[in-house]
Amino acid sequence: MAIDLKKIEQIACDCGIDKIGAVPAGRLETEAERLSEWIGTGFQGEMAWMAREPEKRADPRLLFPDAKTVLVAAVNYYTPHRHTTAGKISRYAWGDDYHDVVKEKLRALLSRLQAEEPAIEGKICVDTTPIMEKAWAVRAGLGWIGKHSNVITKELGSWVFLGELILNVEVSGSLPVVEDHCGTCTACIDACPTDAIVQPYVVDSRKCISYATIELRDDKLPSDIAESLNGWIYGCDICQDVCPWNRFEKPTDEPRFEPRNAETSLEPDSILQMEHEQYAERFRRSAMKRTKLSGLKRNAQQLITNSE
């Protein structure tokens, strides 16, 4: 039994998925070697989870033994708003938590496929599952990995969330693999204020503003990052903002990605005064809960210090 990719594309569109591709499930040999080399340099910083379960990351059949196909979905999250003050939030965290939204869309897709063929089974993966999402996106023909290490699509630029649906059936048809279209451009490398893109396609997380303001649990930010926050309180979009391919960005049709409370930034003073109950209410079902209140207060204090 095989399902035609064209049919899946139609159903995926109905489920609010902007682009979808399919590739046979198997082991990612080359990509697994590159990940191992990257981790071997220590570029993952304190993100110890990235070094766990390397075999599962390389082979989806270890996540879902009946796997025959990996469907990779791209969901546009771009909204045409701008930051208003210091305390800038990364665009991906403006709206509701993408884990919930993308999983919902993939569940709807799986349900529709099962209605067509009850024997279909699948496993949904969004970010937290040990799977090499960007590598699968490239193999599925969604786009290429840019020099900033984000997936770039021709149709939507890099403002996309990725998710996977591993199926126990084969899919006929495929999208052509997209060649690297970065060319000689070095806009993202040149614009990074902390030189985190240490060479094309390689990011040292320890130098990255996003890593420091979200993942790092230290009481203080590293001095080189602290001095170069450029107003960011949670994450950083500089490398995507300057990417020429994002001239193709289009507003998303998903209202849940609109800025919560019309906020694209947070006043640092308001964060320092925030109590835990307020924090829990304000960031419920938001990706921003990742950094915890202590992390937000650390970042806010640094922004205030930088402005003095």
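Model, not experiment: these values are computed from the prediction.
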Would you name the heavy atoms of [X] and [Y] that are closest together and state the gap between them?
{"X": "A86", "Y": "S265", "value": "O-CB, 4.0 Å"}
{"X": "I20", "Y": "L5", "value": "O-CD1, 4.5 Å"}
{"X": "R290", "Y": "I214", "value": "CG-CG2, 3.5 Å"}
{"X": "W136", "Y": "A25", "value": "CH2-CA, 4.4 Å"}
{"X": "I89", "Y": "H83", "value": "O-NE2, 2.8 Å"}
{"X": "N150", "Y": "H148", "value": "N-ND1, 3.1 Å"}

Decide yes or no on side-chain contact (heavy atoms from CB on, under 4.5 Å) for C125 and V70, but give the supporting numbers first.
CA-CA 10 Å; C125 309; V70 179; over 6 Å; no
D4 bridged to K6 by N-O distance under 4.0 Å:
no
Show every salt bridge (charged side-chain N to carboxylate O under 4.0 Å, His left out) that has at least one partner inside [range], sequence neighbours left out.
{"range": "residues 101-114", "value": "D14-R112, E104-R256, K105-E254"}
{"range": "residues 175-195", "value": "none"}
{"range": "residues 131-150", "value": "E31-R139"}
{"range": "residues 235-251", "value": "none"}

Parallel under 30°, tilted from 30 to 60°, perpendicular over 60°: which one fits the rings of [X] and [Y]?
{"X": "W245", "Y": "H181", "answer": "tilted"}
{"X": "Y92", "Y": "Y234", "answer": "tilted"}
{"X": "Y78", "Y": "W159", "answer": "tilted"}

Other residues, nucleotides, ligands: >12 heavy atoms within 6.0 Å of [X] [atom1]:
{"X": "K297", "atom1": "NZ", "value": "yes"}
{"X": "E267", "atom1": "CD", "value": "no"}
{"X": "D219", "atom1": "CG", "value": "no"}
{"X": "Q114", "atom1": "CD", "value": "yes"}
{"X": "R285", "atom1": "CZ", "value": "no"}

Give a yes or no on whether the backbone of [Y] and the side-chain of [X] come within a donor-acceptor separation of less than 3.5 Å.
{"X": "T41", "Y": "W38", "result": "yes"}
{"X": "K88", "Y": "N230", "result": "yes"}
{"X": "S174", "Y": "A22", "result": "no"}
{"X": "T129", "Y": "I131", "result": "no"}
{"X": "N168", "Y": "A119", "result": "yes"}
{"X": "N306", "Y": "A226", "result": "yes"}

Would you say [Y] ends up clustered with [X] if hydrophobic residues are merged whenever their side chains have heavy atoms under 4.5 Å apart, either directly or through other cluster members?
{"X": "Y211", "Y": "M50", "value": "yes"}
{"X": "L35", "Y": "V198", "value": "yes"}
{"X": "V169", "Y": "V72", "value": "yes"}
{"X": "L28", "Y": "L167", "value": "yes"}
{"X": "V242", "Y": "I197", "value": "no"}

Hey, are the side chains of [X] and [Y] touching, using non-hydrogen atoms and a 4.5 Å cut-off?
{"X": "T79", "Y": "T252", "result": "yes"}
{"X": "I304", "Y": "Q301", "result": "yes"}
{"X": "D127", "Y": "Y98", "result": "yes"}
{"X": "V171", "Y": "I8", "result": "yes"}
{"X": "S286", "Y": "R260", "result": "yes"}
{"X": "P222", "Y": "L216", "result": "yes"}

Residue pair T194 / D224, side-chain donor-acceptor N/O under 3.5 Å
no
For [X], all residues meeting salt bridge (Lys or Arg N to Asp or Glu O under 4.0 Å), sequence neighbours excluded:
{"X": "E277", "value": "none"}
{"X": "R298", "value": "none"}
{"X": "K154", "value": "none"}
{"X": "R284", "value": "E281"}

For [X], side chain to side chain contact (heavy atoms under 4.5 Å, CB included) partners two or more places apart:
{"X": "E37", "result": "none"}
{"X": "M274", "result": "I271, Q278, Y279, F283, L293"}
{"X": "R34", "result": "T30"}
{"X": "K19", "result": "A74, L142, E155, L175"}

What verdict does the side-chain contact (heavy atoms from CB on, under 4.5 Å) test give for L109 and I17, after you've listed the backbone C-alpha separation in whole Å, the side-chain angles of each residue and the deciding distance to 0.1 Å?
CA-CA 9 Å; L109 173 59; I17 293 169; 4.0 Å; yes
About how many Å separate [atom2] of [Y] and [atom1] of [X], when rounded to the nearest 0.5 Å?
{"X": "W144", "Y": "S158", "atom1": "CH2", "atom2": "OG", "result": "9.5 Å"}
{"X": "R91", "Y": "F257", "atom1": "CZ", "atom2": "CZ", "result": "13.0 Å"}
{"X": "F64", "Y": "L165", "atom1": "CZ", "atom2": "CG", "result": "8.5 Å"}
{"X": "L296", "Y": "S270", "atom1": "CG", "atom2": "OG", "result": "9.5 Å"}
{"X": "L156", "Y": "N76", "atom1": "CG", "atom2": "CG", "result": "4.5 Å"}
{"X": "S228", "Y": "L221", "atom1": "OG", "atom2": "CG", "result": "11.0 Å"}

Candidate pair E258 and H81, rule side-chain contact (heavy atoms from CB on, under 4.5 Å), full reasoning
CA-CA 9 Å; E258 286 289 327; H81 305 287; 2.7 Å; yes
Passes side-chain contact (heavy atoms from CB on, under 4.5 Å), L229 versus N299? Steps please.
CA-CA 9 Å; L229 281 180; N299 302 341; 5.6 Å; no
